[in-house]
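Here is the naming used below: chain letters follow the sequence lines, and residue numbers restart at 1 for every chain. For the numbers below, each heavy atom of this structure counts, side chains included, while hydrogens, waters and symmetry mates do not.
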Amino acid sequence: MSEQQQHLYLVDGSSYIFRAYHRLPPLTNPEGTPVGAVYGYTTMLWKLADDLDAADGPTHLAVILDKSSHSFRNDIYPEYKANRPDPPDDLRPQFPLIRDATRAFSLPCIEEEGLEADDLIATYAREAQRQGWNVTIVSSDKDLMQLIGEVDGARIDMLDTMKSARIYIPEVEEKFGVKPELVGDVLALMGDSVDNIPGIYGVGPKTASKLIAEHGSLTAALDYAPEMKKSKLKERLLEGRADAEMSRVLVTLKEDCDIPQPIDEMRIEKIPEGPLSAFLEQHGFTSLLRRLGTGGGSPERANNLHPAKAEMEGDTGDDEGNRQAPPEMPAVDRSSYETVQTMDRLQAWAERAIAARIVAVDTETSSLNAMQAELVGISLALGPNDACYIPLAHGGTDLLSETPEQIARDTAIEALKPMLADPSVTKVFQNGKYDLNVLARYDVSVSPIEDTMIVSFDLDAGRGEGMGGGHGMDELSQRHLDHTPLSFKEVCGTGKKQIPFGEVPLDRATEYAAEDADVTWRLYQHLKPRLAIEGGSKVYERVDRPLIPVVAQMEREGIKVDRAQLARLSEEFAKEIGRLEGEIYELAGQEFTVGSPKQLGEILFDKLGYKGGKKGKSGQYSTDQSVLERLAGDDAPIANKVLEWRQLSKLKSTYTDALQEAINPATQRVHTSYSLTGAQTGRLSSTDPNLQNIPIRTAIGRQIREAFVPEQGNLLLAADYSQIELRLAAHMADVDTLKDAFAKGEDIHSRTAKEMFGEVTRDTRARAKTINFAILYGISRWGLAGRLEVEPDEAQDMIDTYFKRFPGIQRYIAETLEIVGERGYSETLFGRKTWFPRIKSKNQAERQGSERAAINAPIQGTSADIIKRAMVRMLPALRSEDLGNVRMLLQVHDELVFELPEGDVAKASQVIERVMVEAALPAVSLDVPLAIDIGTGTSWDAAH
DNA sequence: GAAATCACG
DNA sequence: GACGTACGTGATTTCC
């Protein structure tokens with residue numbers, strides 16, 4: 001080819017600014033206009049312009065914007081995009097500035113009345129392709145992925161600048177399981193809640209791509225439906241055919257729009273600096289301005305963007321002061337990292353860390369379980385691309401190679417200890433609880449620490465889903481740094497081929513490990529300032545951050561379990577399960593897998609002909625507890641046998657077998673791992689094993705609790721908050737009757753029964769209890785009707801009575817929903833936010849689900865805040881009362897479990913009770929007292 | 001890997 | 001008038 005290949009870049013401007021808006025802090029320019037999204041947009045154009053001379057960079061470039069909200073799609077389907085909320089108030093004034101920014105770069109900006117940006121992009125892309133040009137669409141919109149591919153050597157691909165990812169055929173196939181040409185068919189089946197494209201109800205991305213991949217097209221898949229075997233899916237395909245066909249039209253891009261400007265005119269050469277510098281100056285983008293002057297990327301961080309006024313926080317002010325825009329950082333360069341193999345170099349890094357006062361730290365180990373992991377190496381980062389990896393226990397990469405040169409583990413640890421313990425050097429981790437536990441096992445204490453995972457949780461709980469509850473490092477790096485770090489899989493492989501990190505060659509190990517510290521350092525710079533701006537400092541500084549070492553210590557303490565007792569129970573359960581199985585086969589008239597709900601349903605309702613079999617979404621009979629209990633009442637002896645079988649199987653597999661496996665061989669105790677970011681409301685969760693769901697409600701289950709025991713000469717002490725959520729509801733909704741009952745120490749469910757039904761009997765108290773919980777969980781007449789086994793009308797009457805007798809509740813619900821609808825998040829009394837991205841969903845079930853969760857979150861979350869505050873204060877309080885031998889072992893949402901010398905019980909009980917009762921103070925003064933029940937015994941069961 | 005089930009607050 | 005019905009979790013099993 002004689003001529004240079006032309007390459008047209010089409011920038012999807014509209015979708016970009018929405019994403020930029022959500023991931024950047026609310027900056028304003030010197031005039032006070034919000035410009036956060038504009039800033040993001042400007043840096044993105046800058047990056048593209050930087051590629052002008054690159055081999056595959058743009059020769060032509062245009063920005064495409066949405067002009068009107070109405071398009072031909074609305075004529076086909078009036079509901080199209082109907083559930084789009086209005087753009088936020090501080091985004092709206094930024095739209096015109098986007099055009100200004102584009103003009104400042106002297107780039108063409110294209111928009112047409114009645115056409116969506118996607119259609120213009122499709123038209124331009126095809127036009128350029130026809131002329132033999134390459135095309136790159138700068139967007140991450142999945143609809144546009146239909147266009148990807150090559151015609152006569154001219155290819156169309158996509159670039160997601162936020163993730164720095166090229167998207168071509170393999171990426172599309174990975175995402176949709178089909179070639180780009182078939183993406184439209186998949187989209188038509190699955191629908192799109194954002195654009196309000198119906199698709200087929202109940203068909204999601206998985207099912208859609210499977211169907212299209214199997215049948216080759218939407219039409220073929222729909223045509224095949226009548227021949228499918230009977231299933232919910234079949235029904236839905238048959239019923240939803242028209243919806244799918246209309247959706248197919250809606251997702252089809254219009255490739256033959258009239259084009260406002262020929263592509264030849266989009267050629268770009270060098271960006272003239274005059275208009276650009278004027279624009280940058282006007283909006284205070286001084287770091288970019290400086291780069292313009294020096295003509296290159298300098299890592300300069302200072303600029304004078306003004307932060308939007310921080311919310312009133314009443315904070316200690318540790319984060320007050322000048323806030324800066326996200327620092328400009330150079331791209332991650334893995335070749336810049338150092339492998340530290342001599343003591344000289346290690347000393348140099350330790351000294352630099354002390355001088356820097358802040359250092360990101362990451363440990364590499366042999367296991368995800370902190371209580372078993374061997375330390376393999378440590379990485380440090382002091383700035384972007386200023387990071388190192390210190391290998392400590394790397395072996396040869398195969399049998400023939402020698403162990404690489406490295407500092408002995410103990411020597412290196414001793415050299416790092418002063419820095420890690422230095423109170424003036426902040427150590428930043430991503431999930432620091434893990435590193436703290438690993439290091440503690442090598443007798444290293446680390447303080448003070450910061451944790452980017454927790455910072456992210458306190459800013460964005462509820463906003464993302466994914467590993468670490470949306471706060472894992474890879475996800476944060478993608479979201480905030482536009483960078484994909486090397487994944488563990490890439491370095492260590494997966495499945496059978498996986499190797500321990502200690503066998504990764506040092507150059508590769510350094511790239512991975514040092515990058516993790518580098519990314520953590522960058523995330524900290526990016527996220528920490530947001531806490532003060534967005535009002536998260538209080539809960540982070542006073543609750544979650546100080547909690548990290550406390551929970552880490554609880555995990556290390558572990559709890560003793562009586563293995564012999566568990567083994568005895570396992571054996572007993574096994575015998576009983578076997579006996580029940582025989583009886584069940586007898587009653588069924590055949591053998592089958594009792595543990596298979598599918599087979600059980602068929603036996604019960606098809607073979608034995610019991611009435612009332614209801615099939616759920618998947619076309620399968622439901623056989624859960626409530627169904628079996630009803631059958632048992634209708635004189636079906638097999639139902640009771642299955643219920644018993646289920647109970648025992650559950651107890652055996654989940655508890656008596658699994659807990660024996662969980663005993664740590666080194667400590668002979670069970671060490672759970674608490675997730676600090678697992679529950680959106682701020683609660684902890686417990687895994688490996690889960691010690692927050694040990695049986696208590698049945699006598700047979702409680703035998704498992706008997707296996708949780710203290711060491712010789714000690715006792716277990718359990719302290720739990722009595723009715724804490726109802727107390728908080730009484731305070732937060734300001735309900736005098738309830739507050740009065742709590743003040744007088746009455747039984748709250750009895751009082752509710754008296755108010756509701758006039759008299760207190762076993763029955764009315766039980767109903768009242770159900771209603772009280774229903775209120776906490778966000779009530780619906782059908783939900784309550786189901787629980788109380790009454791008609792929905794009657795349930796509605798009870799709700800009305802409840803609202804009348806306890807005025808305040810109804811108002812609390814309405815106010816909470818109004819605020820969450822407005823702001824997108826709920827707040828606890830201590831300022832913890834939980835986001836509800838689906839609160840405005842057009843899908844009623846989805847929206848109502850969010851509403852119920854939003855009613856509950858402030859109550860459940862405040863309760864979590866309170867017990868967390870108690871945990872933070874507990875050990876210092878005990879220590880100051882000379883109770884240093886009391887160990888805090890477990891937290892179960894409203895309960896703390898301790899192990900202590902018998903002689904300490906009386907004194908410790910007082911301290912524990914006081915700390916728990918006063919945990920809300922002084923930040924919040926409740927109108928209701930908090931009450932604590934305390935028990936002690938020689939097992940967890942006996943302590944209740 | 002999803003769905004069903006069931007253990008807890 | 002239909003949707004599918006209480007909030008928040010984690011572990012195990014079966015089945016595709």
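Applying the salt bridge (Lys or Arg N to Asp or Glu O under 4.0 Å) test to A:E555 and every residue at least two apart in sequence or in another chain returns A:K433. Residues forming a side-chain contact (heavy atoms from CB on, under 4.5 Å) with A:K210 (at least two apart in sequence, or on another chain): A:E214. Not a single salt bridge (Lys or Arg N to Asp or Glu O under 4.0 Å) links A:E644 to another residue, sequence neighbours left out. The salt bridge (Lys or Arg N to Asp or Glu O under 4.0 Å) test applied to A:E239 returns no partner, not counting sequence neighbours. Applying the side-chain contact (heavy atoms from CB on, under 4.5 Å) rule to A:T207 yields the partners A:V203, A:L211, A:L233; only residues at least two apart in sequence or on another chain are considered.
We find that CD1 of A:I859 is positioned 18 Å from P of B:dG9, with the value rounded to whole Å.
Residue pairs satisfying the salt bridge (charged side-chain N to carboxylate O under 4.0 Å, His left out) criterion with at least one member in residues 624-633 of chain A, sequence neighbours excluded, are listed as follows: A:R630-A:D634. Sorted by first then second residue, the salt bridge (charged side-chain N to carboxylate O under 4.0 Å, His left out) pairs that include residues 654-664 of chain A, not counting sequence neighbours, are A:K652-A:D657.
Listed pair A:R852 / C:dA6 fails the phosphate criterion, with no side-chain N or O lying under 4.0 Å from OP1 or OP2. The side chain of A:R646 contributes an N or O atom lying less than 4.0 Å from OP1 or OP2 of B:dC6. Taking 4.0 angstrom as the limit, A:R787 places a side-chain polar atom (N or O) nearer than this to OP1 or OP2 of C:dA6.
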| request: Convert the base pairs of DNA chain C into dot-bracket notation, remembering that pairs crossing earlier ones are written with [ ] and that bases paired across to another strand are shown as |; include only Watson-Crick or G-U pairs under 3.5 Å. | output: ......|||||||||.
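A:Q848 comes within 4.0 angstrom of a base, heavy atoms only.
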| task | Summarise how protein sits on nucleotides 10-16 of chain C as a single string, 5' to 3': B when a protein heavy atom is under 4.0 Å from the base, S for sugar-phosphate-only contact, - for no contact. | result | BBSSSSS
